Number of protein chains: 4
Amino acid sequence: MPRKPTQKRAIVTVDAIVEAGFMAVASHGLAGATTRHIATLAGISVGSLYEYFANKEEVYEAMNRKLVEDIIGTIKPLIPSLTHMGIAEAIRTMLHAVGALLRRDNNRYLQCARHGIQSDIKADLTPINRVLIELMMQYLMHHPRYARLINLSAFSYIAINGGMFTLMKHLNEENPSISYDKLVDGLANMMAHYADGELALLEKP
Amino acid sequence: MPRKPTQKRAIVTVDAIVEAGFMAVASHGLAGATTRHIATLAGISVGSLYEYFANKEEVYEAMNRKLVEDIIGTIKPLIPSLTHMGIAEAIRTMLHAVGALLRRDNNRYLQCARHGIQSDIKADLTPINRVLIELMMQYLMHHPRYARLINLSAFSYIAINGGMFTLMKHLNEENPSISYDKLVDGLANMMAHYADGELALLEKP
Amino acid sequence: MPRKPTQKRAIVTVDAIVEAGFMAVASHGLAGATTRHIATLAGISVGSLYEYFANKEEVYEAMNRKLVEDIIGTIKPLIPSLTHMGIAEAIRTMLHAVGALLRRDNNRYLQCARHGIQSDIKADLTPINRVLIELMMQYLMHHPRYARLINLSAFSYIAINGGMFTLMKHLNEENPSISYDKLVDGLANMMAHYADGELALLEKP
Amino acid sequence: MPRKPTQKRAIVTVDAIVEAGFMAVASHGLAGATTRHIATLAGISVGSLYEYFANKEEVYEAMNRKLVEDIIGTIKPLIPSLTHMGIAEAIRTMLHAVGALLRRDNNRYLQCARHGIQSDIKADLTPINRVLIELMMQYLMHHPRYARLINLSAFSYIAINGGMFTLMKHLNEENPSISYDKLVDGLANMMAHYADGELALLEKP
DNA sequence: CATGAATGAGTATTCATTCAT
DNA sequence: AATGAATGAATACTCATTCAT
């Protein structure tokens with residue numbers, strides 16, 4: 001029965017555990033991370049970990065929530081400015097921001113991604129999807145000509161799954177065959193051409 | 001120390017173990033699959049498993065090699081006919097073939113992918129990359145006008161990582177938000193527009 | 001080191017803890033009851049519990065003392081009236097009274113008995129024995145003819161151990177094979193016949 | 001997934017585990033006995049214990065089965081001779097035999113009983129009940145005059161629960177207030193008088 | 001060559017007890 | 001006095017690996 005962390009100290013401890021969770025998974029992998037690793041990294045005892053989380057799984061869920069929260073916190077504030085850019089530039093801007101987030105704190109998030117944190121945990125990525133859809137809606141209001149054509153769900157599906165994953169994969173590679181900027185450019189251009197190409201088809205078939 | 005399986009019977013056993021590995025991971029997950037599961041499914045004893053593989057990790061590596069091998073075996077024979085198609089059709093054809101492979105044998109490969117087999121194992125996907133590059137070279141010989149523009153490595157990088165992963169992700173989803181055909185069409189069109197869009201920029205800037 | 005609770009408030013707290021102990025054991029079993037359960041049910045903190053009891057074991061001992069005390073408190077006042085009854089009726093009366101005690105407060109004592117509180121704890125039942133012996137002495141003064149024969153200690157030993165336990169066992173059973181009244185009758189008659197039978201043997205050998 | 005012990009060695013091991021279970025419970029109590037205790041006493045590793053038993057509970061169940069089996073094995077062969085005795089002598093004979101069983105092997109069964117093995121485990125004592133009922137049926141065939149009166153189920157209920165428990169309790173006591181023989185005599189006489197007393201009431205009311 | 005019984009280090013989780021606030 | 005956060009030893013159970021037969 002995990003305690004509700006109402007006191008200041010308790011909240012600090014909960015945060016420390018989540019941080020330690022990222023560190024532990026980063027160094028030992030999802031399966032290799034033990035509760036003792038996490039507790040030690042958080043500077044507490046195993047028992048204390050279980051004061052705040054009913055089990056290991058709950059720690060992982062909290063980690064996932066934190067990651068999703070941070071990604072959303074990165075994208076959302078950018079929306080107003082993104083809507084005034086061209087597709088390619090908007091995507092490029094967004095990907096660079098997310099890339100920076102993933103590399104923060106010694107690549108903490110990145111290392112977790114490498115170990116597939118999203119495969120075993122009930123990673124609820126729908127909040128990210130929601131933000132991206134909101135971004136699109138805003139974008140369409142400023143660029144109404146795209147409104148006719150884009151299959152919103154397909155576009156977002158490919159963007160979030162293909163785009164994000166490719167980005168993560170690249171950030172994780174030790175000797176990537178292409179540079180990060182080249183990759184981001186490639187993804188941005190691809191999406192832009194996709195949209196414009198489909199639009200062209202519609203306009204003069 | 002495992003022997004090199006030179007005899008016929010030994011080779012059969014090794015194959016059975018690898019097959020059993022896929023089955024075990026498919027039903028119990030990467031972390032849940034035990035050597036006993038694998039040995040039992042392979043119809044041998046645990047002891048025998050260790051005659052052919054030094055440890056569990058080696059079995060996983062063999063599984064990975066097999067998967068890569070099968071994917072290559074699926075794509076390679078298609079190359080001659082793919083070179084005569086348009087970009088979108090070629091990609092569509094290829095993705096459908098790979099999708100069929102992943103669903104073979106009761107989704108064996110797919111289930112493994114779901115459990116993140118590629119995240120923990122030193123999955124060496126470069127052979128697949130090589131084949132795709134070969135495919136491109138051949139394609140360029142039949143469509144020389146693309147030769148000028150395409151950043152081969154970036155294109156293939158995005159194609160293999162983003163495309164493949166998106167495909168797997170989709171095949172694994174229980175209630176995908178878009179249909180499989182829509183997804184393949186989306187990916188195919190995207191790549192085609194990407195190529196054609198870049199080409200257009202080059203031709204009349 | 002727990003203080004001797006001399007103040008009123010302290011005595012109230014001690015009682016609350018003992019009550020909470022019965023409730024905790026009743027709902028979670030002897031092994032399942034935790035100090036946190038007990039403290040929470042008593043409306044205090046774990047720390048406070050240790051102000052009054054050196055450890056969990058001491059709480060259990062206090063619970064045992066309370067139970068024995070209550071049983072004695074149930075039997076003792078009955079003694080004067082029991083001495084005027086026949087053996088069977090006296091036993092029947094006593095067993096019904098004790099049965100009622102065990103079922104008091106939502107079967108609190110009963111549930112504890114079910115969880116074997118008497119097996120692990122140093123249950124000192126001798127005070128009960130003493131009261132039963134006192135009862136017998138009084139009974140003999142009113143029925144002197146039994147004085148010659150009855151092996152007092154054997155009789156009381158069998159009565160307290162066999163009788164009480166059989167009673168508890170029955171009260172705990174979900175689908176007892178015989179009714180409660182039948183059981184009490186059986187026990188009462190058995191003891192009565194025992195006494196009278198032995199007496200008969202003595203009188204006309 | 002516990003193995004079926006088909007091989008000779010395995011059967012020996014299973015027996016050793018059950019024996020060790022009795023020893024462990026005898027020295028540490030039901031709650032205090034750990035899987036490691038049991039394994040060590042059985043001269044095997046914890047892992048091996050789990051080869052044959054799915055969990056600790058299963059070991060306890062096997063112990064219970066063994067005890068019930070042994071008690072039945074003690075009583076059943078006596079039935080033919082018991083049927084030719086008087087009630088008191090028959091009960092005395094039976095109780096002595098069971099008492100001897102409980103004291104066998106350094107009081108192994110006895111110590112377990114002290115720790116309440118029967119309270120937590122789903123002790124299925126019905127087989128013992130069945131044997132006692134069989135004994136009664138046989139007895140009645142040789143002593144038909146008792147047939148009219150005895151409430152078989154009540155008699156057996158009191159006999160098995162009250163009688164057996166009182167016996168065990170006594171055997172466990174360090175300084176019993178009465179001797180073992182006195183107790184057995186008391187129980188035997190009590191049952192005999194019970195039967196005869198009830199019979200007398202029926203015959204000349 | 002094959003077997004499968006045996007191993008024991010390692011995992012998540014619990015809970016009596018302590019002690020700083 | 002009272003609190004409740006922190007502790008860490010202890011427990012049941014798993015599973016990759018070994019090795020006697």
Side-chain angles (χ1 to χ4, degrees), chain A residues 1 3 5-10 12-13 31-40 42-57 59, chain B residues 3 7 9-10 13 31-40 43-59, chain C residues 3 7 9-10 13 31-40 43-59, chain D residues 1-3 5-10 12-13 31-40 42-59:
Chain A
M1 241 172 290
R3 213 182 306 152
T6 42
Q7 301 190 2
K8 269 183 226 165
R9 192 151 62 124
V12 169
T13 304
T34 70
T35 48
R36 209 171 330 185
H37 285 150
I38 298 175
T40 303
I44 57 168
S45 66
V46 233
S48 292
L49 190 155
Y50 282 90
E51 290 279 336
Y52 299 104
F53 296 90
N55 47 46
K56 208 175 139 186
E57 187 65 16
V59 178
Chain B
R3 292 162 284 120
Q7 302 184 6
R9 196 159 58 131
T13 305
T34 71
T35 48
R36 224 197 293 207
H37 284 150
I38 297 175
T40 304
I44 60 169
S45 67
V46 232
S48 292
L49 190 153
Y50 280 86
E51 288 284 329
Y52 298 102
F53 295 91
N55 47 44
K56 208 176 146 187
E57 188 64 16
E58 272 198 4
V59 178
Chain C
R3 291 165 283 117
Q7 303 183 6
R9 196 160 56 132
T13 305
T34 71
T35 48
R36 223 197 294 208
H37 285 149
I38 298 175
T40 304
I44 59 169
S45 67
V46 231
S48 292
L49 190 153
Y50 281 86
E51 288 285 330
Y52 298 103
F53 294 90
N55 47 44
K56 208 175 145 189
E57 188 65 15
E58 271 198 5
V59 178
Chain D
M1 244 172 286
R3 215 182 304 153
T6 43
Q7 302 191 1
K8 269 183 225 164
R9 192 151 62 124
V12 169
T13 304
T34 71
T35 48
R36 214 184 311 199
H37 285 149
I38 298 175
T40 302
I44 59 167
S45 66
V46 228
S48 292
L49 188 155
Y50 283 91
E51 290 278 335
Y52 300 105
F53 296 90
N55 48 44
K56 207 174 139 187
E57 188 66 15
E58 271 198 6
V59 178

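Each chain gets a letter, A, B and so on, in the order the sequences are listed, and its residues count up from 1. Treat the numbers as computed from the prediction; the structure is a model and nothing was measured.
- Between the CZ atom of F53(D) and the P atom of dT14(F) there is a distance of 15 Å, given to the nearest Å.
- For the pair Y52(D) OH and dT14(F) P, the computed distance is 16 Å after rounding to whole Å.
- If you check every strand for non-hydrogen atoms under 4.0 Å, T34(B) touches sugar and phosphate atoms only.
- At the heavy-atom level, A33(D) lies under 4.0 Å from the strands shown only through sugar-phosphate atoms.
- Taken from OG1 in T35(A) to OH in Y50(A), the straight-line distance is 4.5 Å, to the nearest 0.5 Å.
- Phosphate contact (OP1/OP2 of dC1(E), side-chain N/O of S48(B), threshold under 4.0 Å): absent.
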Problem - Test log, rule side-chain contact (heavy atoms from CB on, under 4.5 Å), inputs L49(B) and V59(B) - result: CA-CA 9 Å; L49(B) 190 153; V59(B) 178; 4.1 Å; yes
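- The OG1 atom of T34(D) sits 7.0 Å away from atom NZ of K56(D), with the distance rounded to the nearest 0.5 Å.
- Using P as the reference atom, dT21(F) and dC1(E) are 23 Å apart when rounded to the nearest Å.
- Set against dT3(F), dT17(E), dT7(F), the side chain of S45(C) has dT3(F) as its closest nucleotide.
- Taking T40(C) as the reference, nothing meets the side-chain hydrogen bond (donor to acceptor under 3.5 Å, both in side chains) condition, with sequence neighbours excluded.
- To the nearest angstrom, P of dG8(E) lies 18 Å from CD1 of I38(D).
- Residue Y50(B) contributes atom OH, which lies 4 Å from atom P of dT17(F) at whole-angstrom precision.
- Nearest-nucleotide positions on DNA chain E for G47(D) and V46(B) put V46(B) closer to the 5' end.
- In this structure, T35(D) does not reach the dT11(F) phosphate: none of its side-chain N or O atoms is under 4.0 Å from OP1 or OP2.
- Among the duplex regions that DNA chain F forms, those built from at least three successive Watson-Crick or G-U pairs under 3.5 Å are E:2-21 with F:2-21, ordered by first number.
- Note that OG of S48(B) is 5.0 Å distant from CD1 of I44(B), once rounded to the nearest 0.5 Å.
- Residue R36(D) contributes atom CZ, which lies 14 Å from atom P of dT7(E) at whole-angstrom precision.
- What separates CD of E58(D) from C1' of dC13(F) is a distance of 13 Å, to the nearest Å.
- With DNA chain F read from its 5' end, the first of the two nearest nucleotides for N55(B) and H37(D) is the one closest to H37(D).
- Atom P of nucleotide dT17(F) and atom CD of E51(B) are separated by 15 Å, given to the nearest angstrom.
- Along DNA chain F, the nucleotide closest to K56(B) and the one closest to K56(D) are compared, and the more 5′ of them pairs with K56(D).
- For the pair L49(A) CG and dC15(E) P, the interatomic distance rounds to 16 Å; values are reported in whole Å.
- Contacts of I44(D) with the nucleic acid, taken as non-hydrogen atoms under 4.0 Å apart, involve only primed sugar atoms and P, OP1 or OP2.
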